[in-house]
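These numbers were taken from a predicted model, which means no experiment stands behind them.
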Amino acid sequence: MYLPRSLLSTLYLHLQKTHHPLSPPVLILVALEPDALCGCRILTQLLKRDYIPHKIQPIAGYGDLEKAGKNVIQPMMESNGGSGGVVVCLGVGGLVDLGGLLGIDGEEGGSSYGGVEVWVIDARRPWNLGNVFGGHPPPAQIQEGGELVNQPQLGIDGGKILRNYKPSKGGIVVFDDGDIEEDLTAERDAYLALVEMPEVEEDEDDLEGSDTEAEDEEDDSPADSRPGQKRKSWTDRDEENESSDDDDRPRQRRRSNSSSLIPDSPTRPRQRGLLSLNGPAALTSSVGSRSVSPTPGQPPKAPSARTLRRRLLKIRRKHESVLQKYYSLGASYSEPISSMMYSLASELGREDNDLLWMTIVGVTSMELYGRSSVGVAITTQKMSASPKGWLGTRGSRIRQLLRDEVRRLNPPELSDSSFNSNRNTLPENSGIIPTTARSPTDTSIRLSPEPRFLLIRHWSLYDSMLHSPYLSARLHIWSESGRKRLHKLLAKMGVSLVQCKQSYTHMDMELKRGLRSKLLKYSDMYGLDDLVPSADTDGRDRGGTKEGWGFVRSWGWRATLSAQDVGVVVGALLEVGKKAAATLVDGSNDRGRDIKETSDEDGTQEGEEWVGRFWDAYDALEKIEELKAALPTAQLLHRAILRTGTGIIEKKQIRHLRAFRMCVVKEGPDVMLFTHPAALTKLALWVGEAISEQERETKGKLSHGGRGTPLVVAGYNEKRGVYVVVGAGGGGGGGMGFGNKQAAKERKEKREVKLKARELKRKNKEKVREQKKEARRLALGDDEDEEDETESEGSDSSSDDDSDEDEDEKSQVLGFGRNKFGNAFQEVVEETSARVRIDSFEHCVVEVKKEDLAGFLESLSTKTLVG
């Protein structure tokens, strides 16, 4: 089921009304990522204010999710002696059939859901359609005319929750951010048609004797394209040689790298309670007849059962192809979890600065991990062709709403008003980024013209520029000439190396005051168009947009941080952790001894360590002192990214295979940092952005028809003997930023020229047509119809051309440039004997055994990796 955006607060209000002291606590399952963490903070604040007990359980991957279902969620079911309850999944399980994975769908004969209601809030796409349009208990059945007929379910219409819905029996509820209502109409119709369709077995006679070409196509894996099934969680090829009896039953388990039993691909539960169609007459009425028209003297001949079966199979394949097309579009991201949670708080009237700050940090963190409307992809300057998509128009709209909320909840003081001369002395109004609070009790959120530097308040200006991924890619910081280019930029700005290597907070005030204007002056010379917000966004705080400005919050005299600073620090806590950072800084060899003494082939100990880091990051979001203490951890990680990325490019370790570029991180002082998928993703984005800029400078455009070249980075985990593999898209297509303004301007000019040329051509044709009509009228006095008809045909052909162009544009927009590594990894696993573990909620992350990496990458090079 799915909850429309307009009814976002309905289920929470019902929980608030029905809660009592004996109610079970709300269970919150949270993914280990900053956006889900911020969403969890917002939700727990709401629950605390309503005195609703809750329990938070971090989830590292699909293995943890299945374990939580078995140990925690299944005992909550009424059929198992529990009393039901609510489970909230934040960034967890949106791509898989949750009912099957958690074991609450009653597929093995038990009752379905047992009063357990699962709320799913996730930014990843594509949705699992079984959760969206199914996920509800089977309807009650009554007898009518000797047949069992399903009773209509109150408050549910085709998977959509209506206002009169009463939560009682449990189910799976997906929170819609607007995309399901607007974009999934065809998928909804296809899914519901397949659910209502009777089960029909395919045989060779049906396939050989089919009348049309579509019926002749053999459906290799009908089970794989069933609605509700998306991706496999784990795999190994050891079971393929088992007896054929195993093929007749749904496979529940496969073996992992460590040969321990772990969950197999989650599948849609078997259809229950469907009304079977009895007799050919019922089938004919439901499917439609294509029988040959009878002669007047003969009664109409009813189609045979075999013909009806073929027609039914044809319709089923048609609907399955719609679902398969949706799943094969590739990965994408939509509205962040923290933004959805803030919308819930807003509908409840609970907005405040703390919740708004959590939302801003969650939204900002999406960019740090390259998450966009084309999945995890390298950041480029390509303008979004799509009117939707995160970081496209939707991203602009969300940021504008956040800026409006900052103005609403943080009104200027009277001394800062436009009628007071002190207003212009505020640092943000004079182009300086604020580094201190306005007063000892100041906890406000402010807008600030943030440059695209990294941790500038907590580093020197030089280090902040040096470690900025944006500057690294465009100035070629990894090379000696790039460092000289950076020094030359600083010299032109009038900042000496001695001054810029001081802490930014202790720099000369005159230098800080003129920094933004100098960056704006010289940025065009180096192709740094988006380095700082342009000057035309100044002085329009009341009604203007302040497009490109960042967010800054103060905690009295204790600290002042930007939202990006907090996102970077929280991410580093999740990826590196306090203990690992201390070990690496001290340079001790304790970790090396751990590698020899312990074995963790199945990743259990590693997952437990990641969960421990979750609580450090969770506390740091609220306790400013812990956040400040974690700043060295973030600096350590980004120094390692610069050092490792520079080494990869300088040593020319990037190889260009058929479909992608690849590099392997298997040696060096920082190799253990990149065993975490999120840290490896940041390295992949840094390297990918650098080589994309090189490609743009040499060729003038992105390769692969504007999609860009995908990048695969593998990091070696010596402790477990596996490679963590991350696939990043090329960055073309979709909404990867606010775009290249020059390219957008050129496209607009071309469009205007084309429209003018078309208008001129139409006027010329009309003029010629009038002249011909006048000449013919003078010569013959009639016969004008033929010319008119010809002209109408010409106009029809031009309209056909326009529609063809529109279709081409739509085909480019729909799935163009999306990250398809998740689909490609699945195909490679099915075709090869590589030992692969797919446990991450991220589409583009897998683990491959050390010995199988070469074969895995070779097979991957033949796949389509970008839409």
Side-chain angles (χ1 to χ4, degrees), residues 381 421-436 438 446-541 546-552 560-562 564-565 568 631 635 638-639 642 646 689-690 693 697 740-742:
Q381 294 181 346
S421 59
N422 293 332
R423 182 177 186 274
N424 293 326
T425 62
L426 294 175
E428 59 268 27
N429 292 330
S430 56
I432 307 173
I433 61 171
T435 56
T436 56
R438 296 171 178 171
R446 288 178 275 176
L447 298 176
S448 167
E450 295 287 308
R452 299 188 68 171
F453 302 157
L454 191 71
L455 299 173
I456 186 169
R457 292 170 179 82
H458 320 287
W459 241 333
S460 66
L461 176 63
Y462 184 81
D463 281 332
S464 177
M465 296 175 75
L466 190 69
H467 293 87
S468 163
Y470 179 84
L471 278 178
S472 296
R474 284 151 186 82
L475 295 182
H476 300 186
I477 293 293
W478 63 86
S479 64
E480 190 63 33
S481 61
R483 301 283 176 106
K484 289 179 180 178
R485 199 176 288 119
L486 174 61
H487 296 167
K488 192 174 181 181
L489 172 62
L490 289 167
K492 285 186 176 182
M493 291 165 52
V495 183
S496 69
L497 288 177
V498 175
Q499 289 171 322
C500 69
K501 288 185 178 180
Q502 293 176 346
S503 173
Y504 178 80
T505 54
H506 300 132
M507 274 181 63
D508 184 80
M509 195 62 192
E510 287 301 318
L511 285 176
K512 290 196 282 188
R513 188 173 287 114
L515 181 63
R516 183 179 174 221
S517 61
K518 290 175 181 177
L519 286 172
L520 286 171
K521 181 179 179 180
Y522 296 108
S523 60
D524 288 341
M525 297 176 60
Y526 293 89
L528 307 173
D529 299 334
D530 302 320
L531 185 60
V532 284
S534 58
D536 59 3
T537 61
D538 291 355
R540 300 190 299 165
D541 193 15
K546 287 198 178 292
E547 187 69 66
W549 284 46
F551 303 89
V552 175
T560 297
L561 290 91
S562 71
Q564 188 189 46
D565 294 343
V568 168
L631 280 165
Q635 293 172 339
H638 286 276
R639 283 194 186 100
L642 177 64
T646 300
E689 192 172 353
E693 282 301 314
E697 290 172 9
N740 188 338
K741 296 175 183 177
Q742 185 65 27

Task: Chi angles and distances behind the side chain to side chain contact (heavy atoms under 4.5 Å, CB included) call for Q635, D463 - done: CA-CA 10 Å; Q635 293 172 339; D463 281 332; over 6 Å; no
Task: side chain to side chain contact (heavy atoms under 4.5 Å, CB included) evaluation trace for L631 with L455 - done: CA-CA 9 Å; L631 280 165; L455 299 173; 4.3 Å; yes
Open item on the list: What verdict does the side chain to side chain contact (heavy atoms under 4.5 Å, CB included) test give for M525 and L489, after you've listed the backbone C-alpha separation in whole Å, the side-chain angles of each residue and the deciding distance to 0.1 Å?
Closed with: CA-CA 9 Å; M525 297 176 60; L489 172 62; over 6 Å; no
Open item on the list: For a side chain to side chain contact (heavy atoms under 4.5 Å, CB included) check, start with the C-alpha distance between M493 and L519, then their side-chain angles and the critical distance, and finish with the verdict.
Closed with: CA-CA 7 Å; M493 291 165 52; L519 286 172; 3.6 Å; yes
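Within the 4.5 Å cutoff, no side-chain heavy atoms of H487 are placed close to those of C500. When side chains are defined from C-beta on, L531 does not count as touching R474, because their heavy atoms never get closer than 4.5 Å. Looking at heavy atoms from C-beta onward, Y470 lies out of side-chain contact with L454 at the 4.5 angstrom threshold. Counting heavy atoms from C-beta on, the side chains of V552 and I433 never come closer than 4.5 Å. Side-chain contact check for D529 versus D524: some heavy-atom pair is nearer than 4.5 Å. For the pair K492 and K521, the minimum side-chain heavy-atom distance is 4.5 Å or more. At a threshold of 4.5 Å between non-hydrogen side-chain atoms, the residues D508 and Q502 do not count as touching. L515 is listed as a side-chain neighbour of Y504, based on a closest heavy-atom distance under 4.5 Å.
Among the candidates Y462, W459, W478, the single residue satisfying the ring pair (Phe, Tyr, Trp, His ring centres under 6.0 Å) test with H467 is W459.
Remark: the backbone N or O of R452 is paired with a side-chain donor or acceptor of S468 at under 3.5 angstrom. For Y526 (side chain) and L471 (main-chain N/O), no donor-acceptor pair under 3.5 Å exists by modelled atom type. Side chain of S503 to main chain of H458: no donor-acceptor pair is present (N/O by atom type, distance under 3.5 Å, no hydrogens or angles). Side chain of R485 to main chain of L475: a donor-acceptor pair is present (N/O by atom type, distance under 3.5 Å, no hydrogens or angles).
The two residues R457 and S448 make their nearest non-hydrogen contact at NH2-OG, 4.0 Å. Taking each heavy atom of S517 and G514 in turn, the nearest pair found is OG-O, 3.0 Å. Nearest heavy atom pair, residue L490 against residue L497, reads CD1-CD2, 4.2 Å. Here the shortest heavy-atom pairing between T560 and P434 reads CG2-O, 3.9 Å. When every heavy atom of L447 is checked against every heavy atom of W549, the shortest pair comes out as C-CE3, 3.8 Å.
Every side chain to side chain donor-acceptor pair (under 3.5 Å) that Q499 has, sequence neighbours left out, goes to S496.
Residue K484 places its NZ atom among 12 or fewer non-hydrogen atoms of other residues, nucleotides or ligands, all under 6.0 Å distant.
Ion pair R483/E480 not flagged as a salt bridge, since none of the NZ, NE, NH1 or NH2 atoms sits closer than 4.0 Å to an Asp/Glu carboxylate oxygen.
Of the inter-residue distances, the one linking K518 atom NZ with S523 atom OG reads 14.5 Å to the nearest 0.5 angstrom. The NZ atom of K512 sits 8.5 Å away from atom NE2 of H506, with the distance rounded to the nearest 0.5 Å. Summarising the geometry, atom CZ belonging to R513 is positioned 12.0 Å from atom CE belonging to M507; distances are rounded to the nearest 0.5 Å.
Looking at Q564 and S562, their side chains never bring a donor and an acceptor atom within 3.5 Å of each other.
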